[in-house]
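Working notes, beginning with the structure itself.
For reference, positions follow the sequence shown, starting with 1.
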Amino acid sequence: MKLNEIRDNEGATKKRMRVGRGIGSGKGKTAGRGVKGQKARSGVAIKGFEGGQMPLHRRLPKRGFNNPGATDLNEVNIGRIQQAVDAGKLDASAPVTVEALIAAGVVSKARDGVKILGVGELTAKLTFQVSRASKSAVEAIEKAGGSVTQSLATADEAVASA
């Protein structure tokens with residue numbers, strides 16, 4: 001077999017139906033769209049439209065709530081912080097803050113602060129100044145000889161300082 005002999009298997013591809021090419025073609029005249037009406041016209045997109053009846057998405061009750069006062073925190077595991085310390089991107093002697101984590105590439109942007117989570121191992125003695133920390137993270141940090149200072153600034157203060 002040569003490259004110029006390669007072709008699809010028999011019946012693998014099917015010729016495209018050319019519509020609107022005469023009555024004898026089987027898809028001429030109305031081209032399979034039926035007769036008149038909105039859907040017979042070109043450029044019709046009626047997603048969710050039910051002919052004037054109240055659409056299903058409007059008949060169903062609304063659910064949920066978007067909290068305007070919610071805080072959007074960066075969640076960082078202690079294992080990820082230990083990786084940054086091992087790689088030399090995070091200074092173990094300086095306090096670990098949002099700015100330090102951004103500079104180390106652990107988080108991409110400040111958002112409303114940082115929450116430290118307890119997944120992974122922490123061996124470095126670090127001082128954390130973060131918005132929040134889980135109980136397991138605080139235990140792991142204190143076990144490694146470090147300390148945690150939690151201070152959740154309001155969203156307005158976080159925006160002002162960023």
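The two residues Arg111 and Leu73 have their closest heavy-atom pair at NH1-O, 3.9 Å. Nearest heavy-atom pair across Pro95 and Ala100 is O-CB, 4.1 Å. Ser136 and Gly118 make their closest contact through OG-CA, 3.6 Å (heavy atoms, listed as atom of the first residue, atom of the second, distance).
Within 6.0 Å of CG on Asn67 lie more than 12 heavy atoms contributed by other residues, nucleotides or ligands.
Ion pairing between a basic and an acidic side chain is recognised when a charged N comes within 4.0 Å of a carboxylate O; Glu121 and Lys143 show no such pairing.
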Solution key, residues 29-49 side-chain donor-acceptor pairs under 3.5 Å, sequence neighbours excluded:
from, atom 1, to, atom 2, distance (Å)
Arg33, NH1, Lys39, O, 3.1
Arg33, NH1, Arg41, O, 3.2

For a quick test of your reading: what N or O donor-acceptor pairs under 3.5 Å do the side chains of residues 3-15 make, sequence neighbours left out?
from, atom 1, to, atom 2, distance (Å)
Glu5, OE1, Lys2, N, 3.2

Under 3.5 Å, sequence neighbours excluded: what are the donor-acceptor pairs made by side chains of residues 78-92?
from, atom 1, to, atom 2, distance (Å)
Gln82, OE1, Thr123, N, 2.9
Gln82, OE1, Thr123, OG1, 3.3
Gln82, OE1, Ala124, N, 3.1
Gln82, NE2, Asp86, OD1, 2.8
Gln82, NE2, Thr123, OG1, 3.1
Asp91, OD1, Ser93, N, 3.3
Asp91, OD1, Ser93, OG, 3.0
Asp91, OD2, Ser93, OG, 3.0

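No donor-acceptor pair closer than 3.5 Å links the side chain of Asp112 to the backbone N or O of Thr71. When atom types are taken as modelled, the side chain of Asn77 and the backbone of Ile116 share no donor-acceptor pair closer than 3.5 angstrom. A side-chain donor-acceptor contact under 3.5 Å links Ser25 to the backbone of Lys27. Judged purely by atom type and a 3.5 angstrom limit, Ser131 uses its side chain to pair as donor or acceptor with the backbone of Val114. Asn74 places a side-chain N or O within 3.5 Å of a backbone atom of Ala110 that can act as its donor or acceptor partner.
Taking OG from Ser151 and CZ from Arg132, the interatomic distance works out to 11.0 Å, rounded to the nearest 0.5 Å. Rounding to the nearest 0.5 Å gives a distance of 9.0 Å between CZ of Arg59 and CE of Met54. Taking CZ of Phe128 as the reference point, atom CD1 of Ile141 lies at 4.0 Å (rounded to 0.5 Å).
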query: Given Ile102 and Lys109, is the side-chain contact (heavy atoms from CB on, under 4.5 Å) satisfied, shown in steps?
result: CA-CA 6 Å; Ile102 292 170; Lys109 57 183 179 178; 5.6 Å; no

task: Go through the steps to decide whether His57 and Glu50 satisfy the test side-chain contact (heavy atoms from CB on, under 4.5 Å), and finish with yes or no.
output: CA-CA 11 Å; His57 64 90; Glu50 299 182 22; over 6 Å; no

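Following chains of ILVMFWY side-chain contacts shorter than 4.5 Å, one can reach Val107 starting from Val96, so the two form part of one hydrophobic cluster. Hydrophobic clustering places Val148 together with Val76 (ILVMFWY residues linked when any side-chain heavy atoms are closer than 4.5 Å, directly or through intermediates).
Contact annotation: the side chain of Leu122 approaches that of Leu126 to within less than 4.5 Å [non-hydrogen atoms, C-beta and beyond].
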